[in-house]
Amino acid sequence: RCYFGEKVALYFAWLGWYTYLLGFAALMGLVVFVAGITVFNSSQVSKEICEANNTIMCPLCDQKCPFWLLSDTCTYARVTHMIDNEGTVIFAMFMAIWATVFLELWKRQRATVVTNWDLYMWDEDEEELALELINNLQHEPRRYQHSYLRSTIVLIMALLMIAVLIGIAHALVIYRVVATAFFTQSDFEFLREQANTVAVMTGAVLHYLTIIIMTKVNRHVALFLCDLEKPRTFSQRENNFTIKFFIFQFFTNFSSLIYIAFFLGRINGHPGNYVRIAGKWRLEECHPSGCITDLFIQMAIIMMLKQTISNLVEFLVPWIGHKIRSRQKRPKKRNMVVGEEEEPEDPCKKQWLSNYQLSEVNIFSLFDEFLEMVIQYSFTTIFVAAFPLAPLLAFCNNLFEIRLDAIKMMRLRRRMVPRKANDIGIWLQVLEAIGILAVIGNGLVIAITSDFIPVQVYKYTYSPCMTKNSTAVDCLTGYINHSLSVFRIQDFEHHTKLAENQTDIIWDKITECRYRDYRNADDYSYTVQFWHVFAARLAFLILFEHVALCVKLIAAWYVPDVPQSVKNHVLDEKHSNLRKELRWVMHQKVPGV
């Protein structure tokens, strides 16, 4: 604080507090993940998939894509049920409460810290006005203005930018579809068998590359929109830029994840109704054990790449630049004349030169650090139901991040201009918005992406335990057969071309294939089970979100934002100041009585 100013000090105070509380979330996530590993081989649903040697699944495209056996995806099914289990629901609720408690405890921590710095009642607008008056006593403050025309233009351009980012996410979807079809027809057996998984993994790497590129584009667009708004003060400009840039970054990072979580496999229909993409008809559907593993893989790859490659680049680029500048700008020794004594080098000048050779800083230097952590916080909370290890990865990353940031600021960059602050600014509102999105996102993941609801509906409505009152078998026996619909091969469109090495076998002996959905075999309309599952999903979503939001509100009410010690300290200061003012007023009035 004494060297960099309160704004930088508050960043490290917040990051330290966030990392400390993240340890509890990481521990809980690790427990849930380990508990999932214990059921790796014991899940009845994955057992049925592994033993389905006679269940033939429909081709995933209409051009030379092969039929495939459900048992071929045994390992994939086991991994899915390692993630997708009852512990997921508990952990999602825990993280919703954790996000609220974290913010409430941070408000208390922040109040204590700024009180010790004597900045609790500090006002930023008053500080800016004071600086302007110090520089120019005739200064007149800029008046508040609002232009509906400028606001409309900014809104339209922001929506267009968001549409572009969604279009990029759609391009990633097209890549996944085309890549899966390509790998399915590959000469390599591994690629054919793991076509969907390889497509998901390469798609995640491509998504990471788009994040890197679009981050630079988003920055320039957000700055341009801020200039159009003509903000009154620097702090207002900083807040406006923060909101716009974060929204653009949010869509850049999460559009593809939102598609996988909530739309993958839900817009195509039956195999006779393929979606035409890139010149080919394609049935992109979830695995019979659910879509949550695709989301798990996508999040794991993006988080690991962001926390390894991005951090290395973020640290190594200024370090290499500093080394190069140090060599280039090293002062040459002057040729000495015989008998002339060498003048001692001024230590202050040497230190100044050393500082000048460090990397330049700008108004975005601290902003970039905050943005990186807030995006990480989004990954840690919004889709944590699909990736319980996200808090653990974030916790391990932050242990290094705090020290790397300190090294960069102390040794590799020039000192930022110290600025006063008594909170983290607009970032607090951003974190609160993410907390609400986390409740909605995790509720949707469990209700839509996860197979938790269909499994429970089957277990308590259609299972042998309910229909036959049988307790000798597992209640989930028959779930896979119940969740797969039948498609008659004769109903394929005339342009359908099957894989050449399967043509003779399929047309002679196989008359139907299976696909993941709840549809009648006659007219492919939705079955009663579909509407039961749909109603259960909707009811769970409403119940989960209302309960989670109520718990968040209760937690926010139960934990005061400001500690009693701080309130009493402020009260004592106000009382002391008022007493001094009253004494001065009374002293002035006494002589005239």
Side-chain angles (χ1 to χ4, degrees), residues 29 31-58 60 67-92 190 192-201 260-261 264-265 285-300 385-389 445-466 470-485 513-518 529 533 536-537:
V31 170
V32 171
F33 187 75
V34 172
I37 294 177
T38 60
V39 299
F40 186 80
N41 293 317
S42 61
S43 170
Q44 175 64 27
V45 176
S46 57
K47 281 182 180 179
E48 290 189 358
I49 292 177
C50 294
E51 295 171 359
N53 298 316
N54 297 321
T55 304
I56 298 176
M57 304 298 292
C58 296
L60 297 178
F67 289 83
W68 50 285
L69 294 176
L70 181 58
S71 58
D72 293 341
T73 58
C74 176
T75 303
Y76 193 96
R78 288 176 174 174
V79 172
T80 297
H81 292 287
M82 181 181 70
I83 306 165
D84 190 4
N85 52 62
E86 289 77 5
T88 301
V89 182
I90 299 173
F91 186 54
F190 175 79
R192 288 198 305 271
E193 294 177 352
Q194 306 295 333
N196 185 66
T197 304
V198 175
V200 171
M201 295 179 68
I260 293 174
L264 177 64
E285 62 177 11
C286 296
H287 186 269
S289 58
C291 287
I292 202 165
T293 302
D294 289 357
L295 188 59
F296 176 90
I297 294 172
Q298 189 92 354
M299 287 189 64
F387 188 39
L389 292 179
V445 167
I446 297 171
I448 298 177
T449 313
S450 167
D451 253 20
F452 176 76
I453 299 300
V455 166
Q456 300 306 314
V457 170
Y458 176 81
K459 183 176 181 179
Y460 294 106
T461 308
Y462 303 102
S463 69
C465 296
M466 303 302 297
S470 174
T471 58
V473 296
D474 192 299
C475 289
L476 294 181
T477 301
Y479 169 74
I480 289 298
N481 184 63
H482 176 82
S483 63
L484 295 178
S485 298
C513 59
R514 310 296 296 273
Y515 63 99
R516 177 186 168 89
D517 210 341
Y518 295 96
Q529 291 91 328
V533 172
R537 289 182 191 272

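All of these numbers come straight from a predicted model, not from anything done at the bench. Residue indices begin at 1 and follow the sequence shown.
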Just wondering, do [Y] and [X] contact through their side chains at under 4.5 Å, heavy atoms?
X	Y	answer
H81	Q44	no
M82	F33	yes
M57	F67	no
E48	T477	yes
Y515	L484	no
V31	V34	no

For a salt bridge (Lys or Arg N to Asp or Glu O under 4.0 Å) check, start with the C-alpha distance between D451 and R516, then their side-chain angles and the critical distance, and finish with the verdict.
CA-CA 12 Å; D451 253 20; R516 177 186 168 89; 2.6 Å; yes
If you look at every heavy atom in [X] and [Y], which pair is closest and at what distance?
X	Y	answer
P454	V533	CG-CG1, 3.9 Å
D474	L476	OD1-N, 2.8 Å
A386	I83	O-CG2, 3.5 Å
G36	N85	CA-ND2, 3.7 Å

Return the set of residues passing side-chain contact (heavy atoms from CB on, under 4.5 Å) with [X] (not counting sequence neighbours), or none when no residue passes.
X	result
M201	T197, I297, I301
A92	A385, N442, I446, F544
Q529	Y462, H482, Y518, T527
S463	Y458, C465, M466, C475

Do the side chain of T449 and the main chain of A261 share a donor and acceptor less than 3.5 angstrom apart?
yes
Can you tell me how far [atom2] of [Y] sits from [atom1] of [X], rounded to the nearest 0.5 angstrom?
X	Y	atom1	atom2	value
D517	C58	CG	SG	11.0 Å
Q456	R537	CD	CZ	12.0 Å
D84	T293	CG	OG1	7.5 Å

Only counting residues at least two apart or in another chain, list the ones meeting side chain to side chain donor-acceptor pair (under 3.5 Å) with N53.
S71
So, applying side chain to side chain contact (heavy atoms under 4.5 Å, CB included) with I49, which one of L70, T80, T75, D72 is it?
L70
Derivation and outcome, side-chain contact (heavy atoms from CB on, under 4.5 Å), residues L69 and I56
CA-CA 5 Å; L69 294 176; I56 298 176; 4.0 Å; yes
With sequence neighbours excluded, residues passing ring pair (Phe, Tyr, Trp, His ring centres under 6.0 Å) with Y460:
none
For N481 and R514: C-alpha separation, side-chain torsions, deciding distance, then whether side-chain contact (heavy atoms from CB on, under 4.5 Å) applies.
CA-CA 9 Å; N481 184 63; R514 310 296 296 273; 3.2 Å; yes
